[in-house]
Amino acid sequence: MAQALRISETLENAPVKAKASKVQVFYGAKQALTDIDLEIPQNHVTALIGPSGCGKSTFLRCINRMNDIIDGCRVEGDITIDGVNIYGPGQDVVQLRARVGMVFQKPNPFPKSIYENVAYGPRIHGMAANKKQLDDIVIDSLTRAGLIDEVKDRLDAPGTSLSGGQQQRLCIARAIAVKPEMILMDEPCSALDPIATARIEELIDELRNNFTIVIVTHSMQQAARVSQRTAFFHMGVLVETGATEQIFTNPKDTRTQAYITGRIG
Ligand SMILES: Nc1ncnc2c1ncn2[C@@H]1O[C@H](COP(=O)(O)OP(=O)(O)OP(=O)(O)O)[C@@H](O)[C@H]1O
Ligand SMILES: [Mg+2]
C-alpha cells in the first residue's frame, strides 16, 4: 500500500512529457482511433493494453509519426512533446524519430556487425567527432542495454548471430545510442522466452530513469510489472487511464473490468 501511494504521488508530480489531444486516425475511409486524449508522464513507463485490433500500435506510431509512412493513413488532432505539437508546421520528422526511438515486436537488427548496429544512428546524426567518441557511445549504449558482457569480445560478429533476447537488447542499445527522450516499444517481448523477457523487463525499469517509455503489451502481468500508468483501449477509443495499480485492482469502466478479468480480449 505504501508502495502504491508512493507511485501515485510521483505520478501526480511527474511533468507531462507527451500529450495527445483529440487524436483521430484513419486508414482510408476506416477510422481506427477516435478522440484520444492521453498524457504521458516523464520518466515513467506507460502501458497501452487492450484487445487485438483496438488501435494500440496505431496510437504508438502517432507519437513518432511512423504512420506518415503508411499509405492512406491520416492523423488528426495534436500530439505535443514538451509542449510543442509534433504535427505542427516546420517539424523535422527525422529529428523527431531520433528524439522518440522505437523497438518492435520482432528483433530487427541490421544485417551488420553488433558494433555497426549501434554506431549507425550516432554516425548519421553526427554525434561523434572521431572514432574514440563513437566507440564510447557504442560501449555506453551496450552497457545500458545490459548486453556488454555478452558481446564485448565479439563486437564484429553479425547482430543476427545473437539469440533472440540478445538481439532485442541490441535493438534497445541501437535505440538509446542516439540519446532519445522517449522510447516506444510495441510488444517487445512477444518473441522471447520467459528468461529473456524478465531481462528486458528489468531493463525497462532501469531505463525509465533516463527515458520516458511507452510500451504496448498483451500481457497484463507484464503491464502490472513494468508500468506505473496504464491506458486501456477498446475498439478505437481510450476507455480508461490511471495508475497501473488502480486499473488492475479497481477499474472504473465495465469494459476494463471485463478485459482484465479475461472476459473480453
Ligand atoms: N496499415 C493498415 N492499413 C489498414 N488498416 C490498418 C492498418 N494498420 C492497422 N489497421 C487497422 O486499424 C485498427 C487498429 O489496428 P492496430 O494494429 O493499431 O491494433 P492493435 O491494438 O495494435 O492490435 P494487435 O494487438 O493485434 O497488435 C485495426 O482495425 C486494423 O485492422
Ligand atoms: Mg499492435
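Start at 1 and go down the list; that is how both ligands and their atoms are numbered. Excluded from the calculations below are hydrogen atoms, water molecules and symmetry mates; all remaining heavy atoms, backbone and side chain alike, are included.
- Shortest contact from atom 12 (O) of ligand 1 to any protein heavy atom: Y27 CE1, 3.3 Å.
- Pairing each heavy atom of S141 with each of I176, the nearest pair is O-CD1, 3.7 Å.
- Residue contacts to the Mg ion (ligand 2): S57 brings an N, O or S atom closer than 2.8 Å.
- Ion pairing between a basic and an acidic side chain is recognised when a charged N comes within 4.0 Å of a carboxylate O; E76 and R74 show such pairing.
- By the 3.5 Å distance cut-off applied to N or O atoms, A32 is not counted among the residues near ligand 1.
- The protein atom (non-hydrogen) at minimum distance from atom 17 (O) of ligand 1 is S57 CB, 4.0 Å.
- By the 6.0 Å contact criterion, CZ on F248 is enclosed, its count of non-hydrogen atoms from other residues, nucleotides or ligands being greater than 12.
- Ligand 1 has at least one atom lying under 4.0 Å from a heavy atom of C54.
- Ranking the protein heavy atoms by distance from atom 26 (O) of ligand 1 puts S52 OG, 2.5 Å first.
- With respect to atom 31 (O) of ligand 1, the closest heavy atom belonging to the protein is K30 NZ, 4.5 Å.
- Proximity to I70 (heavy-atom distance under 4.0 Å) selects the following atoms of ligand 1: 1 (N).
- There is no side-chain donor-acceptor pair under 3.5 Å between D37 and S21.
- One finds the CZ atom of R97 at 10.5 Å from the NE2 atom of H125 (value rounded to the nearest 0.5 Å).
- Atom 18 (O) of ligand 1 has its nearest heavy-atom neighbour, among V25, T58, V216, in T58.
- Using a 4.0 Å cut-off between charged nitrogen and carboxylate oxygen, R65 and D68 count as a salt-bridge pair.
- In the hydrophobic cluster analysis, where Ile, Leu, Val, Met, Phe, Trp and Tyr join through side-chain heavy atoms closer than 4.5 angstrom, V214 is grouped apart from L207.
- At under 3.5 Å, a nitrogen or oxygen of G55, whether backbone or side chain, sits near a nitrogen or oxygen of ligand 1.
- The single protein non-hydrogen atom nearest to atom 23 (O) of ligand 1 is G53 N, 2.8 Å, given as residue, atom name and distance.
- Closest to atom 27 (O) of ligand 1 among all protein heavy atoms lies E187 OE2, 3.6 Å.
- Using a 4.5 Å heavy-atom threshold, the side chains of Q24 and V75 count as separate.
- Selection from M235, K56, Q31 by nearest heavy atom to atom 25 (O) of ligand 1 gives K56.
- Cation-pi check for R174 over F110 is met; the charged atom lies under 6.0 angstrom from the ring centroid and within 45 degrees of its normal.
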